[in-house]
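Okay, structure first, notes after.
Letters A, B, ... are given to chains in the order of the sequence lines, protein chains preceding strands, and every chain is numbered from 1.
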There are 2 protein chains.
Amino acid sequence: MPDELASKIVAAKSTKRATKQLIYEHALRLFATRSYAKTGLRDIAQAVGVEVASLYTHIDGKNALLFDLMDYGTRDLLQRLTSAIEDVGPDPLARLYALVREHVAVTCRRQNQTLVAFNEIRELNTQQRDKIIPLREEIENLYIAAVEDAIADGRMRPVNVRVTVYGILAMGRGVATWYRPDGPLTPEQVGSEYADQVLRGLLTTASLARFGDEPIELTDLLDTTRGEPGHRNP
Amino acid sequence: MPDELASKIVAAKSTKRATKQLIYEHALRLFATRSYAKTGLRDIAQAVGVEVASLYTHIDGKNALLFDLMDYGTRDLLQRLTSAIEDVGPDPLARLYALVREHVAVTCRRQNQTLVAFNEIRELNTQQRDKIIPLREEIENLYIAAVEDAIADGRMRPVNVRVTVYGILAMGRGVATWYRPDGPLTPEQVGSEYADQVLRGLLTTASLARFGDEPIELTDLLDTTRGEPGHRNP
DNA sequence: ATAACACTATCATCTGTTCGGTTGCTTCGA
DNA sequence: TCGAAGCAACCGAACAGATGATAGTGTTAT
């Protein structure tokens, strides 16, 4: 039976890395769907196809596993958002739009990551939390900076920045609870819809005028030389 | 010692009701702060000042306790929102404004209620969930109806209604995670701020024009005879 | 041979829940 | 008015089940 042999060799060759990977993947999925508390190490072991004790070859315990997932997820999001605003340049409106769109899109694509990262914070101990919170604050600050700059240059109304940003973040986060990848909407469509509404909610009427009632798109904001509405079809 | 006697009588007379009340109050607080899973019946018993076994005189078990809290919280919110839209009449814009403001304000005032109702859903079994979900859908439908009506009469842009409403709901829900009653903002202020931004995000530019850059207030929407901005001080 | 991996068996601990018994207030008949 | 019965609240003790974690022992690949 060469097949069996082959699979054994393959399984053996990639055992370590593959198993560790599998543990993280299944743990993330189970934590996201059933919650951390209701997911036992036995559930994870069974999903991976291994005995409970074997998990400890790859992880330092259930709690450390959760922390790793949350740490990775938060860093991943932060990095994606950072590079998103770098791509669109310094304009605060474009930055805010890009932030919201990318944030929502990532939330759609990495649903479980988002769900775990934001639902299971209370399961971490103080030291673990102290490592995650600064990352979250960095994300917050990206939004705060964008909104503050846009207010400073007069294109956004002088809203309460923190309250506003918390609202935006909660909205983005909430996407993870209802988005279905097999549904009619792509991550980018959802992201653009929210970005459009967020900007409209904050812009001054004067700055809003040029956009009309058609959805604001990122290209409208990148075109800094001239802002003229209403020629969206080729 | 008449005081002692009096307090004994009072304590005895109100024992049952008071203890049950205390159980619900402390359970709600603990579930909200530490989560349902990490809160043991022993924690609740200790907080109430009673032994664990005594809890079962008043409740049918930990799970039933959670369900009661969630059921009450969700019904309470639904009822408040329903009467809020009744107060402002049939206009969909006024209704949406009132919904958001009241929803956020209630979320601030009943923080723990909101946190438990939306964080611990996964701890319910299927039959319990099936009793809560219709209540949530009723709440959703209040928003959906308001947005759809406003779109139908041309005052709101034709957005994706469900996506929009889910965003609003998530935003409102998120308030429970950061609002501090001892902070500088009243529940109504936060509610008004969000309601203002939500409406601006959805209105057509034509409908938005009359409001200018000053925050939209509910009175602006109730005054149906004439809409004139900018006379807000007496 | 060695190191990495996985298994069996077992542990202490914590969980929600139950049972039997005690207390003390209330009710009611004599 | 008095005392016995009834009752609801409470408690100590214990239990069965599940949990995360460990020790020791193969087993495999390099």
Taking NZ, NE, NH1 and NH2 as the nitrogens, is one of them in Arg122(B) or Glu120(A) under 4.0 Å from a carboxylate oxygen of the other?
yes
dT27(D) C1' sits how many Å from Glu51(A) CD, rounded?
15 Å
Separation of atom CD1 in Ile44(A) from atom P in dG20(D), rounded to whole Å:
8 Å
Can you see whether Phe67(A) has Lys62(A) sitting over its ring - NZ or CZ less than 6.0 Å from the centre and within 45° of the normal?
no
Rounded to whole Å, how long is the line connecting atom CG of Leu55(A) with atom P of dT22(D)?
13 Å
Measure the distance from CD1 on Ile59(A) to P on dA6(C) and round it to the nearest whole Å.
12 Å
In whole Å, what is the span from the CD atom of Gln46(A) to the P atom of dA6(C)?
17 Å
On the nucleotide dA4(C), are OP1 or OP2 found under 4.0 Å from the side-chain N or O atoms that Thr57(A) carries?
no
Electrostatic pair Asp43(A)-Arg34(A), nearest N-O below 4.0 angstrom
yes
Between the protein and nucleotides 16-18 of chain C, list every N/O to N/O distance that falls short of 3.5 Å.
from	atom 1	to	atom 2	distance (Å)
dG16(C)	OP1	Lys62(B)	NZ	2.8
dG16(C)	OP2	Leu41(B)	N	3.0
dG16(C)	N7	Arg42(B)	NH1	2.9
dG16(C)	O6	Arg42(B)	NH2	3.0
dT17(C)	OP2	Tyr56(B)	OH	2.5
dT17(C)	OP2	Lys62(B)	N	2.8
dT17(C)	O5'	Tyr56(B)	OH	2.9

Does a nitrogen or oxygen in the side chain of His58(A) sit under 4.0 Å from OP1 or OP2 of dA6(C)?
yes
Measure the acute angle between the ring planes of Tyr143(B) and His103(B), then classify it against the limits of 30° and 60° as parallel, tilted or perpendicular.
tilted
Once you round it to whole Å, what is the distance between P of dT19(D) and CG of Asp43(A)?
7 Å
Side-chain H-bond candidate by donor/acceptor type, Gln189(A) with Glu193(A), under 3.5 Å
no
Any donor-acceptor pair under 3.5 Å linking the side-chain atoms of Asn63(B) with those of Glu123(B)?
no
